[in-house]
Amino acid sequence: MSNLNRNKKIMFKTFILLAGLFMLISGGAIAQNTIQRYQPEPYVPESPELYRTIAHMDSVFFNAYNTCNMDIMASIFADSLEFYHDKGGLSTSKAQVLEATKKNICGKVTRELIPGSIEVYTINNFGAVEIGYHRFHNNTEPAGTLSSISKFITIWQFKNGDWKISRVVSLH
């Protein structure tokens, strides 16, 4: 084989390799740009009445949380509570969750709901799911200390005319 043919083959293989590499890189950039540009539709409650009810219940519960009113918190937690915490794991004991709150939260931590972050969806024949963002302020730190925003998911059960928190997913 002549040097000319060998050089053409090397150039052709190099061209194919570079073209493939370019396609791989540009395809990844296109996919990345598509993901970065995704904007969900603005949230509109399917049931404004349910939204108001759950937002109110959230407010009642966390007012009790912030003021350490254990009786109100206990009355809102379902007996079958499951609390999933990304750092602390799973708690399936209502009594243990209340005791941990009393020991670790009371007077030390305040919850702040991020305004406009709550979304509420119906769970047919059960209740509702609430998804939102909040932050917790460590009351032992100086005023104005920034705290990170975290996501939460609360499953509310409607039973015997009462709303109860049956499941919580707390993500920090």
Side-chain angles (χ1 to χ4, degrees), residues 32 34-172:
Q32 186 178 15
T34 301
I35 291 170
Q36 289 176 345
R37 287 190 207 151
Y38 171 73
Q39 291 293 322
E41 293 294 320
Y43 170 72
V44 177
E46 60 187 41
S47 167
E49 180 181 346
L50 179 63
Y51 177 88
R52 284 189 298 274
T53 298
I54 296 302
H56 171 73
M57 291 304 300
D58 179 277
S59 174
V60 169
F61 179 81
F62 279 104
N63 183 56
Y65 177 95
N66 288 340
T67 60
C68 203
N69 188 325
M70 303 307 290
D71 291 335
I72 291 177
M73 288 179 16
S75 73
I76 295 174
F77 277 143
D79 290 335
S80 61
L81 175 69
E82 291 181 5
F83 192 101
Y84 299 86
H85 192 282
D86 61 343
K87 306 281 190 251
L90 171 63
S91 298
T92 58
S93 166
K94 175 180 174 177
Q96 285 179 347
V97 169
L98 289 167
E99 185 58 35
T101 301
K102 187 175 182 179
K103 178 182 174 185
N104 301 311
I105 302 299
C106 286
K108 300 173 188 165
V109 176
T110 303
R111 185 256 197 167
E112 172 195 0
L113 177 65
I114 302 303
S117 72
I118 291 179
E119 296 181 7
V120 176
Y121 301 91
T122 302
I123 299 178
N124 196 29
N125 297 317
F126 186 82
V129 62
E130 172 189 15
I131 303 168
Y133 291 92
H134 55 196
R135 71 174 82 219
F136 294 91
H137 299 282
N138 182 336
N139 298 337
T140 63
E141 294 178 351
T145 302
L146 291 178
S147 61
S148 61
I149 294 174
S150 57
K151 189 172 199 172
F152 68 93
I153 303 166
T154 304
I155 307 294
W156 291 87
Q157 182 177 19
F158 189 70
K159 188 174 181 181
N160 300 324
D162 290 322
W163 286 99
K164 303 281 186 179
I165 295 174
S166 64
R167 307 288 181 269
V168 176
V169 179
S170 183
L171 306 168
H172 293 88

Minimum heavy-atom distance Asn104-Val109, with the two atoms named: O-CG2, 4.3 Å
For the side chain of Arg52 and the backbone of Ser47, is there at least one donor-acceptor N/O pair under 3.5 Å apart? no
What's the shortest heavy-atom distance between Val97 and Ser91, and which atoms? CG2-CB, 3.7 Å
What's the separation between atom CD1 in Ile76 and atom CD1 in Ile165, rounded to the nearest 0.5 Å? 6.0 Å
Partners meeting side chain to side chain donor-acceptor pair (under 3.5 Å) with Lys164 (sequence neighbours left out): none
Pairwise side-chain contact, Val120 with Pro45, heavy-atom cut-off 4.5 Å (strictly under): no
What pairs with His134 under ring pair (Phe, Tyr, Trp, His ring centres under 6.0 Å), at least two apart in sequence or on another chain? Phe136, Phe152
So, do Asn69 and Met73 sit near enough that their side-chain heavy atoms are less than 4.5 Å apart? no
Return yes if some donor-acceptor pair links the side-chain N/O of Thr53 with the main-chain N/O of Glu49 below 3.5 Å, else return no. yes
Can you find a pair of side-chain heavy atoms, one from Ile118 and one from Glu130, that are under 4.5 Å apart? yes
State whether the side chain of Ser166 and the backbone N or O of Ile155 hold a donor-acceptor pair below 3.5 Å, judged by distance alone. yes
Measure the spacing between CD1 of Ile149 and CG of Leu171 and express it to the nearest 0.5 Å. 14.0 Å
What is the ring orientation for Trp156 with Trp163, classed by angle as parallel under 30°, tilted 30 to 60°, or perpendicular over 60°? perpendicular
If you count the non-hydrogen atoms of other residues, nucleotides and ligands that lie under 6.0 Å from CD in Gln96, is the total more than 12? no
Okay, side chain of Lys94, backbone of Ala74: is any donor-acceptor separation there less than 3.5 Å? yes
Testing the basics here: between Cys106 and Met70, what is the closest heavy-atom pair and its distance to 0.1 Å? SG-SD, 4.1 Å
Does the pair Arg111/Asp58 count as a salt bridge with the N-to-O cut at 4.0 Å? yes
First locate atom CG of Leu90, then atom CD of Glu82, and finally report the distance between them rounded to the nearest 0.5 Å. 6.0 Å
Would you find more than 12 non-hydrogen atoms of other residues, nucleotides or ligands less than 6.0 Å from Asp79 atom CG? no
Report the distance from atom CD1 of Ile105 to atom CG of Leu98, rounding to the nearest 0.5 Å. 12.0 Å
Is Arg135 reaching over with its side chain to a backbone N or O of Ser147, donor-acceptor style, under 3.5 angstrom? yes
Taking only residues at least two apart or on different chains, which pairs with a member in residues 68-125 satisfy ring-ring contact (aromatic ring centres under 6.0 Å, His included)? Tyr43-Tyr121, Phe61-Phe77, His85-His172
Roughly how far, to the nearest 0.5 Å, is the OG1 atom of Thr122 from the CD1 atom of Ile54? 9.0 Å
Arg167 CZ to Thr92 OG1 distance, which is reported to the nearest 0.5 Å: 9.5 Å
